[in-house]
Amino acid sequence: RFDRCRADIVAHLGKPAVTAYWAWAQGLASRFAEAFEARGEYTGGPPELIPHTRFWSELVEAGDLGETAVLLVDALRIDLAESLRSLLDQPSWKVYTRLALASLPSKTPVGMASLLPRAATGLVVLAKSGKLRSEIGGRDVSAPSGRIEHLRSCIPNIEATELKAVTENQLRQWALIRKPVVLMPRDIDDSGEIAANVAPALFEEMVADLARAVTVLHRAGYRRVVVGTDHGFLLIPSDIDLPQRPSPGNGGEITSSTR
């Protein structure tokens with residue numbers, strides 16, 4: 001948190017540490033890419049690590065949909081998820097986490113699509129006109145509007161909307177008639193995809209807001225609340241010049257971006 005440090009500490013410790021971490025992260029990414037190329041597949045891991053695309057089938061459909069609310073949250077990094085779990089940890093609730101093997105590339109259009117019904121068997125990731133595109137059953141689910149249409153086509157009685165667009169009274173009415181609900185916070189979407197000017201405080205506020213949302217959902221009558229996310233992130237101070245790897249550029253069947 002450079003905003004909480006003295007200028008001399010930032011200059012002599014903080015910025016060199018960020019530069020060193022960036023170099024380490026790039027090296028790790030290179031080794032991962034080489035291992036992926038050598039093996040030719042992206043699977044494996046311990047049994048408790050589920051593929052990203054099995055989130056819905058293993059964690060949502062595993063319970064009664066009529067008493068289930070789902071929160072699809074952008075960029076809920078693992079440390080933030082653990083902070084959320086600690087905020088929700090109370091004697092009357094059962095709270096647990098499951099790790100997932102993130103879908104690649106780890107970008108919002110892919111990660112969010114991986115959380116949807118039928119993703120385990122039907123998710124296809126494409127590059128079209130230089131842009132990343134995710135499809136399930138031929139439907140574009142890269143953007144929130146496409147994901148909502150897909151949810152409604154799979155589960156006719158589902159309610160899917162932005163978190164801040166619904167009231168507790170509306171949630172209570174839906175819970176009474178056993179309507180499953182999917183809510184999507186837009187905190188990160190509204191700030192750009194982890195833009196350089198996003199402050200760490202945004203994520204702290206997001207976790208607190210999510211804890212309040214879970215409390216409201218339980219109070220409204222939903223017995224199960226399942227939270228899923230798409231990817232993590234690194235925050236790089238905007239005034240640090242870091243070396244970038246050469247990009248093949250965008251166009252046709254190729255799309256590139258920072259990640």
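No experiment lies behind these values; they were computed from the predicted model shown.
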Intermediate values then yes/no, salt bridge (Lys or Arg N to Asp or Glu O under 4.0 Å), E162 and K164:
CA-CA 6 Å; E162 184 181 345; K164 292 181 179 178; over 6 Å; no
Would V141 and E149 satisfy side chain to side chain contact (heavy atoms under 4.5 Å, CB included), going step by step from the backbone distance to the final call?
CA-CA 8 Å; V141 290; E149 289 178 8; over 6 Å; no
Salt bridge (Lys or Arg N to Asp or Glu O under 4.0 Å) between E34 and R31, worked out:
CA-CA 5 Å; E34 291 165 1; R31 290 192 293 275; over 6 Å; no
Run V181 and I158 through side chain to side chain contact (heavy atoms under 4.5 Å, CB included) and show every step you take.
CA-CA 6 Å; V181 62; I158 200 167; 5.9 Å; no
Steps toward side chain to side chain contact (heavy atoms under 4.5 Å, CB included) verdict (L104, Y42)
CA-CA 9 Å; L104 296 180; Y42 178 58; 3.7 Å; yes
Given the rule in the side chain to side chain contact (heavy atoms under 4.5 Å, CB included) test, do L28 and W24 qualify, once you have shown the distances and angles that lead to the verdict?
CA-CA 6 Å; L28 181 65; W24 175 85; 3.6 Å; yes
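Taking 4.5 Å as the limit, some side-chain heavy atom of L151 sits within range of a side-chain heavy atom of L116. Side-chain contact between L126 and E135 is present, with heavy atoms from C-beta onward closer than 4.5 Å. The shortest side-chain heavy-atom distance between V110 and L132 falls under the 4.5 Å cut-off. Side-chain contact between L210 and P185 is present, with at least one heavy-atom pair separated by less than 4.5 Å. Taking 4.5 Å as the limit, some side-chain heavy atom of W174 sits within range of a side-chain heavy atom of V166. Between H218 and W93, the closest side-chain pair of non-hydrogen atoms falls below 4.5 Å. By the 4.5 Å heavy-atom criterion applied to side chains, R85 and L88 are not counted as neighbours. Here the side chains of F55 and L72 are in contact, with some heavy-atom distance below 4.5 Å.
Note on K179 versus E159: salt bridge recorded, some NZ/NE/NH1/NH2 to OD/OE distance being below 4.0 Å. Ion pairing of R223 with D64 is absent here, as no side-chain N (NZ or NE/NH1/NH2) approaches a carboxylate O to less than 4.0 Å. We find that D140 and R133 are joined by a salt bridge, their nearest charged nitrogen and carboxylate oxygen being less than 4.0 Å apart. One finds a salt bridge joining R219 and E168 here, because a Lys/Arg side-chain nitrogen approaches an Asp/Glu carboxylate oxygen to under 4.0 Å.
By the rule that hydrophobic residues join a cluster once side-chain heavy atoms approach within less than 4.5 Å of another member, V18 and L13 end up as members of separate clusters. Residues L101 and L99 share a single hydrophobic cluster, defined by chaining ILVMFWY side chains whose heavy atoms lie under 4.5 Å apart. Two different hydrophobic clusters hold V73 and V70 under the rule that ILVMFWY side chains link at heavy-atom gaps under 4.5 Å. A continuous path of ILVMFWY side-chain contacts below 4.5 Å connects M206 to L217, so both sit in one hydrophobic cluster. Hydrophobic clustering of Ile, Leu, Val, Met, Phe, Trp and Tyr side chains at less than 4.5 Å, counting indirect connections, keeps L76 apart from I50.
Within the 3.5 Å criterion, the main-chain N or O of A211 finds a donor-acceptor partner in the side chain of T215. In this structure, the side chain of H52 engages the main chain of S103 through a donor-acceptor pair within 3.5 Å. Remark: side-chain polar atoms of Y222 are not paired, donor with acceptor, to backbone N or O of R172 under 3.5 angstrom. Judged by distance alone, the side chain of T68 and the main-chain N or O of P180 form no donor-acceptor pair under 3.5 Å.
With no hydrogens or angles considered, no side-chain donor-acceptor pair links R147 and S142 at under 3.5 Å. Between the side chains of S114 and D230, no donor-acceptor pair is found at a separation under 3.5 Å. Side-chain contact, T167 with N169: no donor N or O sits under 3.5 Å from an acceptor N or O.
Across all their heavy atoms, S134 and L123 have their closest contact at CB-CD1, 4.0 Å. Nearest heavy-atom pair, S86 versus S83, reported as atom, atom and distance to 0.1 Å: OG-O, 2.7 Å. Nearest heavy atoms, A220 versus L171: CB-CB, 3.8 Å. Here the shortest heavy-atom pairing between A213 and L71 reads CB-CD1, 4.5 Å. Residues E58 and A62 approach most closely at O-CB, 3.2 Å, considering heavy atoms. Across all non-hydrogen atoms, the minimal contact from V226 to L59 is CG2-O, 3.8 Å.
For E37, the CD atom is loosely surrounded, since the number of other residues' heavy atoms within 6.0 Å does not exceed 12. By the 6.0 Å contact criterion, OH on Y21 is open, its count of non-hydrogen atoms from other residues, nucleotides or ligands being 12 or less. Atom CD1 of I78 has 12 or fewer heavy atoms from other residues, nucleotides or ligands within 6.0 Å.
Atom-to-atom distance recorded for L163:CG and L183:CG is 5.5 Å, nearest 0.5 angstrom. Annotation: the span from H231 atom NE2 to D74 atom CG amounts to 4.5 Å, rounded to 0.5 Å. In this structure, CE in M184 is found 6.5 Å from OG1 in T161, a value given to the nearest 0.5 Å. The distance from the CZ atom of R98 to the CZ atom of R54 is 8.5 Å, given to the nearest 0.5 Å.
Using cut-offs of 30° and 60° on the angle between ring planes, the pair F203 and F233 is parallel.
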